[in-house]
Asker: 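So that we are looking at the same thing, I have put the structure below in structure tokens.
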There are 2 protein chains.
Amino acid sequence: MNWQELFIGHVTAGDCLQLMRDIPDSSIDAIVTDPPYGINYQSHKRTASPMFDRLQNDDNDSRFETYAQFNRLLKDNSVAVCFCSFKNYAYDYIELIKYFDIKNTIIWHKGGGGIGDLKHSLVTDYEMAIVAHKGNCPIRGKREGSVWEVGKVFAGDMVHPTEKPTGIIMRILEQFTDRDALVLDPYLGSGTTAVACEKTGRRWIGMEIDEQYARIAQEQIAREVAQGKLFV
Amino acid sequence: MNWQELFIGHVTAGDCLQLMRDIPDSSIDAIVTDPPYGINYQSHKRTASPMFDRLQNDDNDSRFETYAQFNRLLKDNSVAVCFCSFKNYAYDYIELIKYFDIKNTIIWHKGGGGIGDLKHSLVTDYEMAIVAHKGNCPIRGKREGSVWEVGKVFAGDMVHPTEKPTGIIMRILEQFTDRDALVLDPYLGSGTTAVACEKTGRRWIGMEIDEQYARIAQEQIAREVAQGKLFV
DNA sequence: ACTACGGTTGAATCCTGAA
DNA sequence: GTTCAGGATTCAACCGTAG
């Protein structure tokens, strides 16, 4: 079985750093991912029984090792888009700039209230996404601004503690990839990147270290595919 | 003449790194500044006769040396707010985090078009402002988000190539300082910080290495003070 | 009060040629 | 080889005016 049959269109449970070894050089059209931020995040901290456990590999900076692989996997003139917070941005930027040309940082203005230090800090109601170019990846849509207003996923609908809305991933895919492009997300989580690929006609490879989330991702994708087929 | 008589309410022309030596420890309530980004920026490059010359000290990273002094000058429980671009942010953050607790990064969404790499990059229509705390500086206004929509200064009204709107500086002052606070801007430029202080009842110290801009700043402040008095 | 239209501009980047 | 300076590029958002 070759790597394409093995990976494309499947959620593979496992450590992405190991799995990526089985993908040859210059074979991926884009990487879109939301790695663990290395902050050992515990969602719903105030709640007696938090809805989600802590994330695997969120207590270290192992994402930097994978960034070093991104350059090898990507084709020329393509991008890696990596989400991060304003507290991580500096470290992710300095790691990515070793291998890539960073042409933009998208500000995802998600709005809504916010927790944190109520007396001494403003609400951090945005996240950032570094657009790291290998070569010169052209934008496909019209040239737009870098501050994107997209509402966050309603907490009651969340199946993953750091879930991104499908819409913002679709917008990234439509700006930086063509139809049928092969998109990798090594930190798939609940499968948003794969769902966004299905919705926009891209092929995808998903990796997720947590078997429980890998299963949830598969369910989410299956649901999307089923829904999609209803309308064919 | 003591340092207060020397500096407060005056624009001092000179190198801030030298001038700051004459200000004692823990005597400043806030620093709000927009340092040269180290990019040797030339505004209106397409124009036959650009309106502004290049900025002094914009061809190096001397701002980092001044950041090291900020901690000494600030009182406990106060902030330094430093503007930067998404390309500088990582380096400014890593410098400031040595001395400060960074609790927020404000996104100034300024809107407008944008030049640059039209085919491969989105429009960068925002700048960032790092809010670096010495201790715990309380917010004074209501707790708001971090993405601030403020229009930029109309090009025809600009007296400095990287001029910030007075409104955004006022908003920073009102969030992080009390009335009568003493505010330092070591890179005063055309005097926006001082004007914002006058408008909001803060005392100020302004330093500017370029004598021409120091003079322009004085004019801008004088105009504001005169206008203010008309309405008393 | 609104919309429509024309003119202006941008903390840029690419490319080329000179030094 | 490398660095630096100057010219060309290009479009969405904004302002000001007119209707």
Side-chain angles (χ1 to χ4, degrees), chain A residues 76-77 79 93 97 100-107 109 131-149 171 175, chain B residues 32-64 81-93 105-130 147-165 167-169 185 187-190 192-193 208-210 213:
Chain A
D76 284 337
N77 304 321
V79 290
Y93 185 98
I97 199 86
F100 297 100
D101 184 14
I102 297 173
K103 290 192 194 284
N104 287 110
T105 295
I106 295 166
I107 305 295
H109 187 202
V131 183
H133 287 241
K134 177 174 181 178
N136 273 313
C137 176
I139 54 175
R140 271 69 172 187
K142 70 164 194 193
R143 191 160 187 250
E144 60 183 332
S146 302
V147 180
W148 291 8
E149 308 282 338
R171 195 162 160 187
Q175 234 356 325
Chain B
V32 181
T33 195
D34 184 28
Y37 292 179
I39 54 173
N40 203 18
Y41 176 62
Q42 175 63 67
S43 69
H44 305 85
K45 250 193 169 173
R46 294 175 310 169
T47 317
S49 53
M51 214 178 309
F52 303 109
D53 291 334
R54 289 176 194 273
L55 300 171
Q56 287 193 42
N57 272 341
D58 191 29
D59 55 349
N60 61 60
D61 285 333
S62 59
R63 67 188 185 283
F64 295 151
V81 181
C82 303
F83 280 87
C84 59
S85 79
F86 83 96
K87 294 208 166 185
N88 286 339
Y89 179 81
Y91 309 103
D92 287 59
Y93 184 97
T105 295
I106 296 165
I107 305 295
W108 170 36
H109 187 199
K110 59 186 175 181
I115 46 178
D117 184 341
L118 303 162
K119 293 198 181 112
H120 308 95
S121 85
L122 306 174
V123 179
T124 298
D125 53 354
Y126 67 92
E127 284 176 60
M128 306 163 92
I130 298 174
V147 180
W148 292 7
E149 307 283 337
V150 180
K152 43 187 173 183
V153 178
F154 175 59
D157 297 333
M158 276 200 179
V159 293
H160 187 279
T162 68
E163 195 171 333
K164 301 286 172 284
I168 201 167
I169 310 295
D185 185 349
Y187 299 100
L188 190 65
S190 57
T192 308
T193 302
E208 170 55 42
I209 196 167
D210 186 320
Y213 283 122

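Lettering follows sequence order; numbering is per chain, from 1. Values reported hereafter were calculated over all heavy atoms of this structure, with side chains retained and with hydrogens, waters and symmetry mates removed.
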Asker: Measure NE2/B/H109 against P/C/dG10 and give the value in whole Å, please.
Answerer: 17 Å
Asker: Between B/F52 and B/Y41, is there a side-chain heavy-atom distance shorter than 4.5 Å?
Answerer: no
Asker: Using a 4.0 Å heavy-atom cut-off, does B/G114 contact any base of the nucleic acid, only the sugar-phosphate backbone, or nothing at all?
Answerer: base
Asker: Regarding A/K103 and A/N136, do their side chains bring together a donor and an acceptor under 3.5 Å, going by distance alone?
Answerer: yes
Asker: Hey, are the side chains of B/H120 and A/N77 touching, using non-hydrogen atoms and a 4.5 Å cut-off?
Answerer: no
Asker: Among residues at least two apart in sequence or on other chains, which ones pass side-chain contact (heavy atoms from CB on, under 4.5 Å) with B/F154?
Answerer: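 In terms of side-chain contact (heavy atoms from CB on, under 4.5 Å), with neighbours along the sequence ignored, B/F154 is linked to B/D157.
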Asker: I need a per-nucleotide contact map over nucleotides 11-18 of chain C, read 5' to 3'. Cutoff is protein heavy atoms under 4.0 Å; write B for the base, S for backbone only, - otherwise.
Answerer: BBBS----
Asker: Which sits closer to the 5' end of DNA chain D, B/F154 or A/R143, going by the nucleotide each is nearest to?
Answerer: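 Result: A/R143.
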Asker: Please list, chain by chain and in numerical order, all residues satisfying ring-ring contact (aromatic ring centres under 6.0 Å, His included) with A/H109, sequence neighbours excluded.
Answerer: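 Per chain and number, A/H109 pairs via ring-ring contact (aromatic ring centres under 6.0 Å, His included) with no residue.
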Asker: With sequence neighbours excluded, tell me which residues meet side-chain contact (heavy atoms from CB on, under 4.5 Å) with B/S85.
Answerer: B/Y37, B/K87, B/N88
Asker: Please give the stem ranges for DNA chain D, sorted by first residue number, where a stem is three or more consecutive Watson-Crick or G-U pairs and both donor-acceptor distances are under 3.5 Å.
Answerer: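 Stems for DNA chain D, defined as runs of 3 or more consecutive pairs: C:2-10 with D:11-19, C:12-19 with D:2-9.
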Asker: Measure the shortest side-chain to side-chain distance between B/L122 and A/R143 over non-hydrogen atoms and say whether it is less than 4.5 angstrom.
Answerer: no
Asker: Take the protein atom CG of B/L122 and the nucleotide atom P of D/dC11, then report the distance between them rounded to whole Å.
Answerer: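 Interatomic distance, CG of B/L122 to P of D/dC11: 15 Å.
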Asker: How about A/I107 and A/S146: do any of their side-chain heavy atoms sit closer than 4.5 Å?
Answerer: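 In short, these two side chains do not touch, never coming nearer than 4.5 Å.
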Asker: Let me know the distance between CD1 of A/I139 and C1' of D/dT10, rounded to the nearest Å.
Answerer: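 After rounding, the gap between these two atoms is 11 Å.
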Asker: Specify the separation, in whole Å, of atom CZ of B/R54 and atom P of D/dC4.
Answerer: 11 Å
Asker: Quickly work out the B/N40 CG to D/dA5 C1' distance and round it to whole Å.
Answerer: 11 Å
Asker: For B/Y93, check ring-ring contact (aromatic ring centres under 6.0 Å, His included) against everything at least two apart and list the hits.
Answerer: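 Per chain and number, B/Y93 pairs via ring-ring contact (aromatic ring centres under 6.0 Å, His included) with B/Y89.
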Asker: Quick check on DNA chain D: between B/V123 and B/D157, whose nearest nucleotide comes earlier from the 5' end?
Answerer: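 Going by which nucleotide is closer to the 5' end, it is B/V123.
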